[in-house]
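The sequence lines fix the lettering, A, B, ..., with proteins before strands; numbering per chain opens at 1. Computed from a prediction, not measured in an experiment: that's the story for all the values here.
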Amino acid sequence: MPPRDPLPDNGELAAVFQTIADYLSLDGASVYRTLAYEKAAESFREHPTSVAELALRGELRTLPGVGQAVESKVAEYLEGGTITMLEQLRATYPEGVLDLMRVPGVGPKKAKHLWTTLGVDDLHSLREAAEQGRVRGLPGMGAKTEANLLRALAAAESRSDRHLIGAVEPTAERLAAALRALPCVDQADFAGSLRRRRSTIRDIDLVAASAEAEIVMDAFDALPEVASVQERGATKLVARTHSGFSVDLRVVAPEAYGNLLQHSTGSADHNVALRGYAQRSGYKVSEYGIEETATGRTIACRTEREVYATLGLPWIPPELRENRGELEAARENRLPRLVTLADLRGDLHVHSDWSDGRATIVEMARAGEAAGLEYICFCDHSQSLGMGKGLTPDRVLSQIAEIRAVGVTVPGISLLAGSEVDILADGRIDLPDEVLAQLDFVTASIHSGFQEPVDRIMRRLTAACENPHIDAIGHPTGRLLGRRDAYPVDIDRLVTLAVETHTILEINASYHRLDLSAAHARLARDRGARLMICSDAHSPGGYDALRFGVGEARRGWVEADDVVNTWPLDRLRVSRAGPSH
DNA sequence: GCCGTTTTCGGCCCGACTGTTTTCAGTCG
């Protein structure tokens, strides 16, 4: 039987094997077996080229975590679009039970129990059961569990229809590139919240410059990533991609491309404010041009810069367009000189396979060098991190030696030895001071006790900031976008503390975190706190995340000098030996 | 289920925390 056409992409294969893993955990399979399927899913997700083609060439087992069982299941899926074992699991458990496991506090055991004893088979029936007080009767589940469930469900619902920027951007980039490749298209870009670098995005806004809107829209409709077109007018269409994103495409004549790009980039608040400002200066702004009210003359702008220039303003970076003072700043010529990706000289938060990273110190060093970095700091987890992967004091000392040794063999990049040390629930730091003192740079993070009240959390953060060996606080609020809210942090007090103790606050660039958030980063920066934008890379490709961190920082009006990893290493070293240490 | 100079079986995934317990199961990182 010939393989399916078109071949499934890596994301689809990863999703299939992740689903098998989820079902197996529900089914009570061995943890190792479940983990094996998860590992295969991750391998597929991470692989840069087509996994399906790799399988057809018989080379699938070159991927880490793929053995005989996974290989034959991929083959089965490529042939028939289905896997017998998965179908059997589907027949046993309603698909909605898997959703239950994504609610914080519900794992496979509770999900299965909720289903077998209460008949709860999706999020909706879980909410009903909790509201009716039926959950608290189950063994191991009391009134508090029930209340936590309801809170988690409410939080999950309020963020349901937004996607993470890192999940959306590759699709948006491919679609924009496909438009640019059309002969009748002069220019095309994504606009909207994605261009403003918001951390979550509802839909993809695309704009194209062309005199042939019909042809552009026909071609777009025919793209392999486009699943269906819901609405279509003369210059605008709304479509859905196979990856589940909603896309708005607007086409305008090249003469007015700047107007459309500006209009579609938004935000709505920025545009309302801009139009008000324009009106007072005698202009009317729309996506088709700027009308001079006195003469009725319309000025079409090919570029966005012309739009702002026509109104007597400098170009405003998209990340600032939220009506949070950017118009006043532009008018008074005091827009910030926002930090850029090119400004970053180093990355102070990188993992290796010494803890939960997937690559060796050499591999991470080479990849950092290839990413254009001058220095990186290995901050592997300390002993309390689970999975037995955190480093004991002895292992930390061995790792320091290894980093020094590798540093000699990879001369193009400076390697620092650090740690991402846990701030334990009682405020203790997970490594003794004499070990911390050996390290070049120490970041302290909270990885447990998220439910604690704000004063307990603050006591822990205070202890970390006041420890002279600790240089930075990692992902300071612990939020996981779309999955988990921040633990309660009094950000005002944390920033004050950071300034007083010269502790750096991280903007963790992983698009699952982006923590500090833009709003918090702006507060920190206004108060003179030092920041760092770090990838938290766990693999060679992980440095890619830096651009998301830069986007979040720019939304927080952060300039290069506010960010210590834009500094040359010498300046960073001097500062570490400075007054606070 | 995967892996391998400790090698074809037996490790791998441990410790903290929460909420419910009267000694611990489930969840999370």
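- A:M141 has its CE atom 11 Å from the C1' atom of B:dG19, to the nearest Å.
- In this structure, A:E38 reaches neither bases nor backbone, as no heavy-atom distance under 4.0 Å exists between it and the strands shown.
- Close to B:dT20, at under 4.0 Å from its OP1 or OP2, lies a side-chain N or O of A:T145.
- In terms of position on DNA chain B, the residue among A:K110 and A:A425 whose nearest nucleotide sits closer to the 5' end is A:A425.
- Counting to the nearest Å, the P atom of B:dC2 and the CG atom of A:L24 are 12 Å from each other.
- No contact: A:A21 has no heavy atom under 4.0 Å from any strand.
- Salt-bridge annotation for A:D455 and A:R493: absent, with no side-chain N of the basic residue lying under 4.0 Å from a carboxylate O of the acidic one.
- For the P atom pair drawn from B:dT20 and B:dT27, the interatomic distance equals 13 Å after rounding to whole Å.
- A donor-acceptor distance shorter than 3.5 angstrom exists from the side chain of A:D515 to the backbone of A:T477, with no hydrogens or angles considered.
- For the pair A:N148 and B:dG19, the criterion of a side-chain N or O lying under 4.0 Å from OP1 or OP2 is met.
- Nucleotides of DNA chain B nearest to A:V70 and A:V31 differ in position, and the one nearer the 5' end is that of A:V70.
- Side-chain proximity of A:S384 to the nucleotides B:dA16, B:dG19, B:dG1 is greatest for B:dA16.
- There is a side-chain donor-acceptor pair under 3.5 Å between A:S382 and A:D430.
- A donor-acceptor contact closer than 3.5 angstrom is absent between the side chains of A:S510 and A:D536.
- Salt bridge status for A:R90 with A:E87: present, with a side-chain N to carboxylate O gap under 4.0 Å.
- Taking the C1' atom of each, B:dG1 and B:dT8 are spaced 14 Å apart, rounded to whole Å.
- Proximity of A:Y487 to A:R460: side-chain heavy atoms (C-beta onward) are nowhere separated by under 4.5 Å.
- Rounded to a whole angstrom, the distance from the C1' atom of B:dC12 to that of B:dT6 is 14 Å.
- Stacking between A:Y32 and the base of B:dC2 is absent under the criterion of ring centres within 5.5 Å and planes under 30 degrees.
- In this entry the distance linking CD of A:Q68 with P of B:dC2 reads 7 Å, nearest Å.
- Checked by atom type, the side-chain pair A:Y23/A:Q88 shows no donor-acceptor distance below 3.5 Å.
- A distance of about 23 Å separates the C1' atoms of B:dC9 and B:dC14, rounded to the whole Å.
- The separation of B:dC13 from B:dC3, taken at their C1' atoms, amounts to 15 Å, rounded to a whole angstrom.
- In this structure, of B:dC2, B:dC17, B:dG26, it is B:dC17 that holds the atom nearest to the side chain of A:S448.
- Listed in residue order, the members of residues 453-464 of chain A having a heavy atom less than 4.0 Å from DNA chain B come to none.
- Comparing B:dG19, B:dC2, B:dT27 against the side chain of A:P108 picks out B:dT27 as the nearest.
- The partner of B:dT8 cannot be assigned: no Watson-Crick or G-U wobble pair with both contacts below 3.5 Å exists in any strand.
- Comparing B:dA25 with B:dT21, their C1' atoms sit 9 Å apart, to the nearest whole Å.
- Neither side chain, A:N148 nor A:T145, offers a donor N or O lying under 3.5 Å from an acceptor on the other.
- In this structure, A:K109 reaches the B:dG26 phosphate: one of its side-chain N or O atoms is under 4.0 Å from OP1 or OP2.
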